[in-house]
Enquirer: 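First the structure, then my questions, so here it is.
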Amino acid sequence: MTLRSSLTAAGLALLLSLSACGGADVKSEISTTTKGQQLLDLKKAYEAGAMSQGEYERERRKVLDAD
């Protein structure tokens, strides 16, 4: 076996052993949407009829009050 194939096999074995570790399902949500984009999205949904005026106002207020 050549050095290169030995290193490849060792690396693959390491990756496979590490992938079995964890066991816990870790989820992370990072929001990179700006307030302005959120407001535009809400307005678009409202104008498309996807939400009532009350829902729009409530969600709009949540966005503006965040932070």
Side-chain angles (χ1 to χ4, degrees):
M1 200 184 271
T2 67
L3 179 60
R4 185 175 182 165
S5 60
S6 295
L7 290 174
T8 303
L12 183 57
L14 179 62
L15 285 175
L16 290 174
S17 66
L18 290 176
S19 67
C21 287
D25 192 17
V26 178
K27 295 182 182 178
S28 175
E29 289 186 31
I30 299 174
S31 177
T32 57
T33 307
T34 63
K35 283 186 181 186
Q37 185 61 54
Q38 289 175 328
L39 292 171
L40 289 172
D41 291 344
L42 282 173
K43 185 174 182 182
K44 188 176 181 181
Y46 171 65
E47 290 174 346
M51 59 177 34
S52 69
Q53 183 175 359
E55 291 170 323
Y56 168 73
E57 292 297 332
R58 184 171 46 254
E59 294 302 316
R60 181 178 164 275
R61 181 59 37 208
K62 284 182 191 178
V63 171
L64 293 173
D65 291 343
D67 286 327

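Starting from 1, each residue takes its place in the sequence as its number.
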Enquirer: Only distances under 3.5 Å count here; give the side-chain donor-acceptor pairs of residues 39-47 to other protein atoms, sequence neighbours excluded, each with its distance to 0.1 Å.
Expert:
| unit_1 | atom_1 | unit_2 | atom_2 | d |
| --- | --- | --- | --- | --- |
| Asp41 | OD1 | Gln37 | NE2 | 2.8 |

Enquirer: Name all residues meeting the side-chain hydrogen bond (donor to acceptor under 3.5 Å, both in side chains) criterion together with Lys62; count only those two or more places apart in sequence or in a different chain, and write none if there are none.
Expert: Glu59

Enquirer: Quick one: salt bridge (Lys or Arg N to Asp or Glu O under 4.0 Å) partners of Glu55, sequence neighbours excluded?
Expert: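 Not a single residue meets the salt bridge (Lys or Arg N to Asp or Glu O under 4.0 Å) criterion with Glu55.
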
